[in-house]
Amino acid sequence: MPYQRLPYLYDVLPDAPPRDPWLSTARWRGMENLFRELARRFGYREIRTPILEPAELFTRSIGEATDIVSKEMFLFTDRGGRLNALKPEGTAPVVRACMENGLFGEPALHKLYYIGQNFRYERGQKGRYRQHQQMGVEAFGSTDPALDAEVIALAMTFFTELGIPETTLHINSLGTPAERAEFRQALRDYVKPHLAAMSEEARMRFEVNPLRMLDTKAERDLQMLEGAPTLLDYLGAESRNLFEALQQMLGALGIPFVINTALVRGFDYYTHTVFEIKGSGLGAQDALGGGGRYDGLVQECGGPAMPGLGFGIGTERCLLALESLGIRGPEADEKPVAFVVLAGSTPELNQAAVQLLMKLRRAGIAADRDYQGKNMRRQMKRADDLGAQYLLILGEDELAAGIVQMKNQSSREQKTVAIGEVIEALMSEPRRE
RNA sequence: GCGACUGUAGCUCAGUUGGUUAGAGUGCCAGGUUGUGGCCCUGGAGGUCGUCGGUUCAAGUCCGAUCAGUCGCCCCA
């Protein structure tokens, strides 16, 4: 094989390999369609940003010390000497685009959604790839916890309508940067005497990102952290009120959640609300999606004071979750409605078929035929494999009489229809939903 | 970046303690059968056994290296 795809990437195909049914374009499109429809229902409008951004956009917004920035970005210098990055996440580019196009000049609320590719140079495994797709939303211009609840509700509704039965919503509040800094110090003070007995990993995090110490699986670390202060103890009255208001909203919406004080997330820009939705059947990767509030991000990027929040849902992980549950999920229809079968091989018949097909297609009916001169039996087999609903059989006799035989593939009923009335006949027949 | 496991037709896989020309199912192509199929029957194409090297009279099988994949650590979607 002369070429192969780069490591930890994948191809999505019209017919997915049996081992990986999730690599099917019909399934991808079905999921994307559901997301678009849902975003519209919630009042979000689409935004598309380039895959390439100046690298600095991410180092500034996500944070220099985070793993994503320090070791996972796809970087290259272009011919103009600029340092570019393939975007590792979707939020910063949206913020950049909004600033650059003047959306923040008006005081309006902006509710945006996107479906886009992110790139991270990581070692792959189940549910983790170097290019992955996120379906996400961003909402700017309000600190009302009702908006937090709406964003979370949108994500949860997506999982429900997809048909994923068991997801768990984890929420936490990171408070303001000042509150977080105070907590960080308190946590350090608490941990310091025990540090020698803790894992190497915890000792590393102690220096670089102490909050991440909480998010450990190591038994001895968990024991040490048992009596540690939690971030919630360090929230001021205002932050506390926001978090409680959110919980009430979620309760009023009937959305169950658990408060997870270890939920910290990997971006520095989060404030107040953070959340993650966990599923099952994903191997070591259990997060289907996550997000949070970032009230300081726009300013950090050089824009006005503009609160915001959003989430990203991993398309691959949702597809994988459905697969492990044995659920097909929504699938875009790629099957033809009609398949023209030629009984005979004269040039006249061939031309009549070409014209008939074009007429169907102009009328908006998905239609196809064989071009390999197969006999009638194999043409029909082909129609069958493609899942066509109707056969339009055209032979010398029909051509002479100006008719076709129209055969319903499921009922096997066949009737004669004038060529001029094929469209009407198909339109009046029951069609696939 | 670290670790474990796995590489044999397009796909899913067999292949015995190392032994002659590497198999099956499925898919593909053709014929039976270009005027009514979704079956069935017959035939065919398709493999440098991931790659390179080593051990041996003999390697798909054993050893080493390498490449790739998968899963896990880490991180997150």
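Chain letters run A, B, ... following the sequence lines, proteins first and then strands; every chain starts at 1. Given the structure is predicted, the values throughout are model-derived calculations rather than measurements.
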Could you check how far CG of A:Leu288 sits from C1' of B:rC76, rounded to whole Å? 12 Å
Salt bridge or not between A:Arg60 and A:Glu300? Use side-chain N to carboxylate O under 4.0 Å. yes
Would you mind classifying the nucleic acid contact of A:Glu398 as base, sugar-phosphate or nothing, using non-hydrogen atoms under 4.0 angstrom? base
I'd like the C1' distance from B:rA9 over to B:rG27, given in whole Å. 11 Å
So, does the side chain of A:Gln125 form a donor-acceptor pair with the base of B:rU70 at under 3.5 Å? no
Under 4.0 Å, counting only non-hydrogen atoms across every strand here, what does A:Glu72 touch: a base, just sugar-phosphate, or nothing? sugar-phosphate
In whole Å, measure the gap between the C1' atoms of B:rC76 and B:rG72 for me. 15 Å
Heavy atoms only, 4.0 Å cut-off, all strands: where does A:Gly395 land among base, sugar-phosphate and nothing? base
Check every strand shown and say whether A:Pro18 touches a base, only sugar-phosphate, or nothing at a heavy-atom separation below 4.0 Å. sugar-phosphate
Figure out the OH/C1' separation between A:Tyr8 and B:rA77, and round it to whole Å. 18 Å
Is the A:Phe35 to A:Phe158 ring centre distance short of 6.0 Å? yes
What distance, rounded to whole Å, do you find between the two C1' atoms, one in B:rC62 and one in B:rA45? 34 Å
What residues, two or more places apart in sequence or in another chain, satisfy side chain to side chain contact (heavy atoms under 4.5 Å, CB included) together with A:Leu109? A:Lys111, A:Ser142, A:Leu147
On a whole-Å scale, what distance lies between the P atoms belonging to B:rU48 and B:rG35? 41 Å
Pairs counted as Watson-Crick or G-U wobble with both distances under 3.5 Å: what dot-bracket string results for RNA chain B, using | for bases tied to another strand? (((((((..((((.....[...)))).(((((.......))))).....(((((..]....))))))))))))....
Report the nucleotide, chosen from B:rC11, B:rC74, B:rG35, that has the shortest atom-to-atom distance to any side-chain atom of A:Asp397. B:rG35
Among B:rC13, B:rA77, B:rU36, the one nearest A:Arg19 by side-chain distance: B:rC13
Applying a 4.0 Å non-hydrogen cut-off, can you work out what A:Gly136 is touching in the nucleic acid: base, sugar-phosphate, or nothing? nothing
Does A:Tyr10 reach a base, just sugar-phosphate, or nothing at all? Heavy atoms under 4.0 Å. nothing
Rounding to a whole Å, what distance do you find between A:Lys381:NZ and B:rA30:P? 13 Å
Does the B:rA77 base have a donor-acceptor partner in the side chain of A:Glu276 within less than 3.5 Å? no
Looking at B:rC76, I'd like to know if its phosphate oxygens (OP1 or OP2) sit under 4.0 Å from a side-chain N or O belonging to A:Arg212. yes
Of the nucleotides B:rU36, B:rC76, B:rC71, which has the atom closest to the A:Lys407 side chain? B:rU36
Taking only the side-chain heavy atoms of A:Ala287 (C-beta and beyond), determine which of B:rG1, B:rA77, B:rG35 contains the nearest atom. B:rA77
What interatomic distance, in whole Å, is found between P of B:rG60 and the corresponding atom of B:rG23? 13 Å
Does the side chain of A:Glu32 pick up a donor-acceptor pair with the side chain of A:Gln133 at under 3.5 Å? yes
Taking the C1' atom of each, how far is B:rG15 from B:rC52, in whole Å? 24 Å
Considering only heavy side-chain atoms of A:Gln134, the closest of B:rG37, B:rA30, B:rA77 is B:rA77
Tell me which nucleotide among B:rU36, B:rA77, B:rG69 gets nearest to the side chain of A:Met380. B:rU36
Would you indicate which nucleotide in B:rU34, B:rA30, B:rU12 comes nearest to any side-chain atom of A:Lys374? B:rA30
Between B:rC76, B:rC39, B:rG35, spot the one nearest the side chain of A:Arg120, thanks. B:rC76
Is the base of B:rG37 touched by the side chain of A:Arg382 through a donor-acceptor pair closer than 3.5 angstrom? no
Using the P atom on both, measure B:rU16 against B:rA22 and round to a whole Å. 15 Å
May I ask you to check if A:Arg188 and A:Phe206 form a cation-pi contact, with NZ or CZ under 6.0 angstrom from the six-membered ring centre and within 45° of the axis? yes
Is A:Gln409 side chain donor-acceptor paired with the B:rG37 base, going by distance under 3.5 Å alone? yes
Between A:Glu150 and A:Tyr44: side-chain donor-acceptor atoms closer than 3.5 Å: yes
Take the protein atom CG of A:Asp67 and the nucleotide atom C1' of B:rA77, then report the distance between them rounded to whole Å. 15 Å
Exactly one of A:Asp148, A:Thr143, A:Thr271 should register a side chain to side chain donor-acceptor pair (under 3.5 Å) with A:Arg293. Which one does? A:Asp148
Please tell me which of the listed nucleotides, B:rG31, B:rA77, B:rG35, lies nearest to the side chain of A:Glu396? B:rG35
Quick one: on RNA chain B, does A:Gly344 or A:Arg265 contact a more 5' nucleotide (nearest heavy atom)? A:Gly344
Which part of the nucleic acid, if any, lies within contact of A:Ile68, taking any heavy atom under 4.0 Å across all strands shown: a base, the sugar-phosphate backbone alone, or nothing? nothing
Side-chain donor/acceptor of A:Arg128 to base of B:rC74, under 3.5 Å: yes
A:Trp28 side-chain N/O to A:Ala332 backbone N/O, donor-acceptor pair under 3.5 Å: no
Per A:Asp384 side chain, nearest of listed nucleotides B:rU36, B:rG37, B:rG72: B:rG37
I'd like the C1' distance from B:rG54 over to B:rC11, given in whole Å. 34 Å
Nearest-nucleotide wise, let me know which of A:Leu391 and A:Arg378 is further upstream toward the 5' end of RNA chain B. A:Arg378
Carboxylate-amine/guanidinium proximity below 4.0 Å for A:Arg40 and A:Glu46: no
Honestly, is A:Arg5 close enough over A:Tyr10, meaning NZ or CZ under 6.0 Å from the six-membered ring centre and within 45° of the axis? no
Does A:Arg369 qualify as a cation-pi partner of A:Tyr371, given the criterion of NZ or CZ under 6.0 Å from the six-membered ring centre and within 45 degrees of its axis? yes
Rounded to whole angstrom units, what separation is found between the CG atom of A:Leu394 and the P atom of B:rU36? 16 Å
